[in-house]
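Quick notes on the structure that follows.
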Amino acid sequence: MNENALCTKTHEYVLEQGKQYEVGITDYAIEQLGDIVFIELPEVDSEFAKDEVFATIESVKAASEIYMPISGKVVEINEQLVNSPELLNDESFEEKWLVKIESSADQVEFADLLDYSDYKEEME
Amino acid sequence: MTKQTFLHDTHVKLGAKMVDFAGWHMPVQYSSIIEEHKTVRNAVGIFDVSHMGEIIVSGEDSLPFLNKIVPQDISKLIDKKAVYCQLTNKNGGIIDDLIIYKLEEKKYLIIANASRIDEDLNWMVRNKAGFEVSIVNESHNYSLLAVQGPKTKALMQSLGVQELPEFFHIKRGELFNINVWISRTGYTGEDGVEILVRNEFSEYLWDKLMESGQEYGIKPIGLGARDTLRLEAALHLYGNDLDEDTTPIEAGLSWSVPKNKIDDYNGKQVIEEQLKNGGRKKLIGLKMLDRNIARHGYDVYYNNEKIGIVTSGGISPIRGDNIALAYIKPLDNLAVGSTIQILIRDKLHNAEIVKKPFVEKRNKENK
């Protein structure tokens with residue numbers, strides 16, 4: 001996982017990539033979920049507030065709701081993961097982001113996000 | 001307080017992910033649920049199911065007593081044979097589902113669900129008036145290891161058990177010089193055995209079975225795969241698919257209920273009436289027609305009307321699609337092949353009624 005990602009306590013991450021942000025779930029979350037068998041992503045152009053549910057990831061055991069770490073508008077979804085959810089468990093596969101968003105979130109929205117290193121420490 | 005089996009440290013050492021289940025700290029998976037599932041279908045897996053309950057019923061009236069508390073006819077049970085039973089209440093509702101083994105004349109072993117042992121014992125004690133019978137909970141003395149999969153027989157034979165008991169039979173045996181009871185039963189739909197062993201020997205026996213099983217591809221299997229395996233085999237899970245408001249007939253267990261049992265038993269009137277006319281609801285098998293997964297508690301719809309509820313659902317690693325068990329109102333126009341809908345996150349998704357089990361059971365081939 002990219003060390004520059006900012007994480008939520010509910011195991012999402014957001015990573016700044018130029019003018020866009022990648023949003024996904026943390027490596028810790030993937031490890032905890034085990035075999036991932038279904039991913040439902042929103043449509044391009046849909047808009048979400050911070051902490052709003054934007055996706056569902058299902059492991060063999062259960063369905064988990066995924067929350068937006070910051071507000072934004074979806075500009076791209078990871079179709080590859082929709083078609084092959086098990087790629088999320090594949091350590092050699094790198095494109096694990098769920099959606100790319102455009103965001104005009106202010107400092108307040110970032111205030112409760114954790115640096116990846118702090119997040120990892122907290123999960124141990 | 002959460003209980004631990006005598007194999008708890010063994011699971012942790014093997015890197016299992018542990019969860020609380022029915023008051024026990026149990027392994028849910030060691031590697032991957034899907035891999036573990038396929039190991040049991042293609043080779044052999046070993047499960048710690050020591051959380052299950054063992055109750056010994058013995059004494060002069062053990063047979064008439066058992067005949068009063070289950071719909072099955074225990075007088076037909078021959079020595080060393082087992083029968084799948086339900087402990088029913090006065091309304092025919094299922095207090096627990098059990099396997100009853102006849103160990104010898106007037107001595108029976110009951111295997112009960114971990115979450116129901118206390119209710120089972122209470123109910124049995126409430127029903128024992130007038131019977132000369134002893135009911136002893138032996139659960140804390142015994143561990144139960146399940147060895148399941150097509151290579152079980154070869155593995156057991158390599159350990160000197162030349163003659164496995166027949167399907168749904170039990171026999172005394174010796175494994176690595178340890179006295180055990182071996183029964184040809186399981187909860188996976190595969191051929192396999194369940195081995196009852198005193199707690200103090202369970203860790204040694206587990207390690208030895210793992211060691212000897214290497215050449216057959218044995219792997220430890222957690223509760224996660226136990227659940228996906230039993231769902232593919234359409235075997236009921238108490239608390240999901242069975243409860244005190246559901247009769248054996250409604251649960252699709254009519255095959256296990258004798259039509260002409262002479263002895264009276266708890267719930268007989270309701271069950272016999274339902275055998276003739278059907279129940280208030282019926283258990284059906286479903287396959288999803290898209291990639292969505294039906295889960296426990298999701299509503300079932302037909303013609304925009306709610307007609308039932310999913311009680312177990314998930315993926316089928318062997319079929320490669322998503323399957324479920326659901327209770328629906330008995331409607332004349334619905335049968336195998338009909339399309340109904342499951343409400344998933346506020347949207348209706350098509351599902352087809354299919355035959356149960358979802359995969360072919362292979363446990364009866366190897367007698």
Side-chain angles (χ1 to χ4, degrees), chain A residues 10-12 23 25-44 46-49 51-68 74 77-93 96 98-99 120 123-124, chain B residues 15-21 26-40 221-232 237 240 287-298 310 312-324 342-347 349 351:
Chain A
T10 48
H11 314 295
E12 293 86 6
V23 176
I25 61 169
T26 65
D27 48 359
Y28 174 85
I30 294 168
E31 165 70 22
Q32 288 301 306
L33 287 170
D35 295 323
I36 290 162
V37 292
F38 181 77
I39 296 178
E40 188 173 65
L41 296 179
E43 290 184 9
V44 169
S46 41
E47 291 185 45
F48 295 92
D51 298 333
E52 198 178 342
V53 174
F54 74 96
T56 303
I57 295 185
E58 301 205 32
S59 67
V60 175
K61 294 293 290 176
S64 309
E65 295 183 324
I66 313 299
Y67 303 93
M68 268 295 175
V74 175
I77 62 169
N78 193 339
E79 298 276 5
Q80 226 181 330
L81 283 183
V82 174
N83 294 328
S84 308
E86 68 280 0
L87 285 173
L88 217 42
N89 297 111
D90 183 343
E91 279 174 26
S92 65
F93 181 75
K96 290 186 174 158
L98 297 174
V99 296
K120 265 190 98 168
M123 289 310 127
E124 271 162 17
Chain B
K17 204 172 281 174
M18 305 295 287
V19 294
D20 288 341
F21 177 80
M26 298 295 286
V28 65
Q29 68 178 76
Y30 299 83
S31 54
S32 130
I33 293 176
I34 294 173
E35 257 175 55
E36 290 169 29
H37 182 109
K38 290 180 175 167
T39 297
V40 173
I221 314 295
L223 292 183
R226 185 168 157 85
D227 191 46
T228 52
L229 287 159
R230 70 93 195 167
L231 179 59
E232 274 186 346
L237 173 61
N240 274 37
K287 74 166 183 190
M288 297 303 298
L289 294 177
D290 62 22
R291 296 178 65 187
N292 278 265
I293 302 171
R295 304 243 181 218
H296 175 76
Y298 289 5
V310 173
S312 288
I315 61 159
S316 165
I318 296 303
R319 295 163 53 107
D321 59 3
N322 300 326
I323 56 176
I342 311 294
L343 186 64
I344 303 175
R345 294 182 287 280
D346 300 327
K347 278 190 206 135
H349 294 267

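Remember, predicted model here, so these are calculated numbers, not experimental data. Chain identifiers are assigned alphabetically (A, B, ...) following the order of the sequence lines, protein sequences preceding nucleic acid strands; residue numbering begins at 1 within each chain.
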Ignoring hydrogens, what is the shortest heavy-atom contact between A/Ala63 and B/Arg295? Give both atom names and the distance.
N-NE, 3.9 Å
Does the side chain to side chain donor-acceptor pair (under 3.5 Å) test come out yes or no for B/His37 and B/Glu232, once each step is laid out?
CA-CA 10 Å; B/His37 182 109; B/Glu232 274 186 346; 2.7 Å; yes
Under 4.5 Å from any heavy atom of chain A, what part of B/Ile33 do you find: side chain, backbone, both or neither?
both
Can you tell which part of B/Asn292 gets under 4.5 Å to a heavy atom of chain A, answering side chain, backbone, both or neither?
both
Does the pair B/Arg291/A/Glu40 count as a salt bridge with the N-to-O cut at 4.0 Å?
no
Mutual orientation of the aromatic rings belonging to A/Phe54 and A/Phe48 [parallel < 30°, tilted 30-60°, perpendicular > 60°]
perpendicular
Taking side chain as everything from C-beta outward and backbone as N, CA, C, O, which of these in B/Ser32 sits under 4.5 Å from a heavy atom of chain A? Side chain, backbone, both or neither.
both
A/Lys120 bridged to A/Glu31 by N-O distance under 4.0 Å
no
Any idea which of B/Lys17, B/His296, B/Arg345 has the most non-hydrogen atom pairs under 4.5 angstrom with chain A?
B/Arg345
Checking A/Thr56 against chain B: side chain, backbone, both or neither under 4.5 Å from a heavy atom?
side chain
